[in-house]
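Contents: one structure, followed by commentary.
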Amino acid sequence: MLQRTSYLTTNYDKPECWALSLYESTGGYTQAKRVLTSMTKEQVIDEAKKANVRGRGGAGFPMGLKWSFMRPHATKPSYLVLNADEGEPGTHKDRTIMELNPHSVVEGCIIACFAIGAHVAYIYVRDELHLSKARLWGAIEEAKKKGYIGLAPFGVDYEVQVHVHTGAGAYICGEETALLNSLEGKRGEPRLKPPFPAQVGAFGCPTTVNNLETIAIVPTVMALGGEAFSKLSGLHAFNDGGVRLYGVNGHVKTPGVIELACGPTLNELIFDVGGGVLGDRKILCAIPGGSSTPILLPSETINAPDPAHPMHAFHGKSVFDVPLGVDTARHMGTMLGTCCVTVLAEGTCPVLAMHNLMQFYRHESCGQCTPCREGGSWLLRTVDRILDGHGTMEDVNNLSDIASNMMGNTICAFGEGTAMPALGFIGKFREHFEAYVRGERRRADARLTVA
Amino acid sequence: MPFRLSDERERELDVILRRYPTRIAALIPALHLIQDQEGWISDETIHWISQRLDVAPAHVKGVVTFYSLFNQKPVGKHQVWVCRTLPCALRGAGDVLAQCEKKLGIHSGETTANGQVTLRTAECLASCGTAPMMQINKEYHENLTSEKIDRLLSKLMES
């Protein structure tokens, strides 16, 4: 059962919902004040851990645990950096928070800065989101005027400054270390890890990088208490707590963004939120959480006959009927990613869909690592050749080999981000690729749209 | 005339510089200020900003060429970006681009002869729930229809 909630989205439909007065009328900034005036940072981190907030950017790393990695440095300051580079194809959730509820981000920054010992937060927003940037700056100015941020927020001697920093059009800057380089005024090339940002992050100082939605939900976590927040989730038992934003796009009747308790199924998102498939067609496949997450087909089922298996309760069910969470998605052979589902209806050409995505990845590779730089171009050239009817069966086999050899051989996860969707399309739609090779299909007839 | 940043933008750059512990961190925001004023990033402005921020020109050039939003040559008065990535493509981005190319009489990557409009494709602009979409200068236009595109482009060619 779909469980709608409205913590982040409570004011989304109201006029001028981004204004401070409205945010305060629904309890805004009371949690930041309470934290700064009556709690220790250890208590805040403890609540964060109990809340089981899994990072909303895609990797699903526990927020509280990440915060606990921060150690004060003898001579260096610490930083909080928010990742609002939202660029993963199919992802359109963070934008809504920045545009419609920017004060939740600012309040979250105050609490998070306090918890990790930082005095400065940078919100890294992709440059194209001009309205988002304006709303965030507006919220920062309003909060500053009220004395909620600045030298002594709420009269407490704990300086918090919040700044918006912009990129300049590079998907790779959503990778946390590339983002840090970009923040420092450099090319957005990912760094080798370790050292991790908690040791050596922005400007060589201890840094926590969190997704923007992760920080925006922090005031709610503090208002409800960590455990109560976590229990809102249908996946509390999987340590996947609370509520989050879900998106539905592609071939559905009513695309959009919605706030739900964690753990809706793909079918619920597609039919209850998305209103069903365009033209009432059947589903070809769904990309569960941004283009880097491997596709799922409705015909796939969970195979967990062992009663001790964590997925045993879902044994035999379609993957479209299993609650989507960080760990359940992993058991389905994909990733939860950003929780924005892209739906492809029957009639869509999966070869052309993969070609579209490979164009994206070829364009966005930073070029540092050979497997990613060359592999991405090679995949695209090969799919191009297959679509044009000049491909061979060897080309089809090569696609799997090229993608497999990118996995694990690059500095950052972009290599996997390219290879995983490629392997998904080839593995699950091989007959479509072969049909082009045999000349049974032509590029001119291939469609991405459905009537 | 040698390049200089307008007084207002100079003041903004001073504010920007105070946000970071290093001068080089102001480079990308500073390049945005320059491009807002000039429309593109020339070798002359690269030289200027490298001196202003005390950064090697080679570093600035490296940054300018890395990020796709920095124009390395002059562009039209108005920028039109059509999102082409899968979620938009599933909802007709291909037709949107074709209509733009036809109406403007240019291909993607080109500028109209009168210098009014530069048309380009963009990779995912985070509007997948309101696809198809295009960005005109600093504004998003979402849930595009053929009529809407026609109206927007007509206005653009005149202004």
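A, B, ... follow the sequence lines: proteins, then strands. Residue 1 opens every chain.
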Considering only heavy atoms and a distance below 4.5 Å, find which of B:L86, B:V63, B:I28 pairs most often with chain A. B:L86
Which atoms of A:F203 are under 4.5 Å from chain B, going by heavy atoms: the side chain, the backbone, both sets, or neither? side chain
Between B:Y140 and A:H130, do the side chains contain a donor N or O and an acceptor N or O under 3.5 Å apart? no
Passes side chain to side chain contact (heavy atoms under 4.5 Å, CB included), B:T65 versus A:R187? Steps please. CA-CA 9 Å; B:T65 52; A:R187 292 161 70 92; 3.6 Å; yes
Would you confirm whether A:H251, through its side chain, and B:L90, through its main-chain N or O, come within 3.5 Å as a donor-acceptor pair? yes
Side chain to side chain donor-acceptor pair (under 3.5 Å) partners for B:S68, two or more places apart: none
CA sep, side-chain torsions, deciding dist, call: B:R91, A:T449, side chain to side chain contact (heavy atoms under 4.5 Å, CB included): CA-CA 6 Å; B:R91 297 185 77 91; A:T449 50; over 6 Å; no
Ion pair present between B:E142 and A:R95, side-chain N to carboxylate O less than 4.0 angstrom? yes
For B:R84, is it the side chain, the backbone, both, or neither that has a heavy atom closer than 4.5 Å to a heavy atom of chain A? both
Classify the ring geometry of A:Y122 against B:Y20: parallel below 30°, tilted from 30° to 60°, perpendicular beyond 60°. parallel
Option from A:V341, A:T91, A:V248, A:N249 for which side-chain contact (heavy atoms from CB on, under 4.5 Å) with B:C128 holds: A:N249
Measure distances from A:Y361 to the heavy atoms of chain B and classify the residue's part below 4.5 Å as side chain, backbone, both or neither. neither
If one checks every heavy atom of A:T166 against chain B at 4.5 Å, the contacting part turns out to be both
Do any of residues 82-89 of chain A come closer than 4.5 Å to chain B, heavy atom to heavy atom, and if so which ones, in number order? A:E86, A:G87, A:E88, A:P89
Is any side-chain heavy atom of A:E128 closer than 4.5 Å to a side-chain heavy atom of B:W81? no
I'd like to know whether A:L131 forms a side chain to side chain contact (heavy atoms under 4.5 Å, CB included) with B:K138, so could you lay out the CA-CA distance, the side-chain angles of the two residues, the decisive distance to 0.1 Å, and finally the verdict. CA-CA 8 Å; A:L131 183 60; B:K138 294 191 173 180; over 6 Å; no
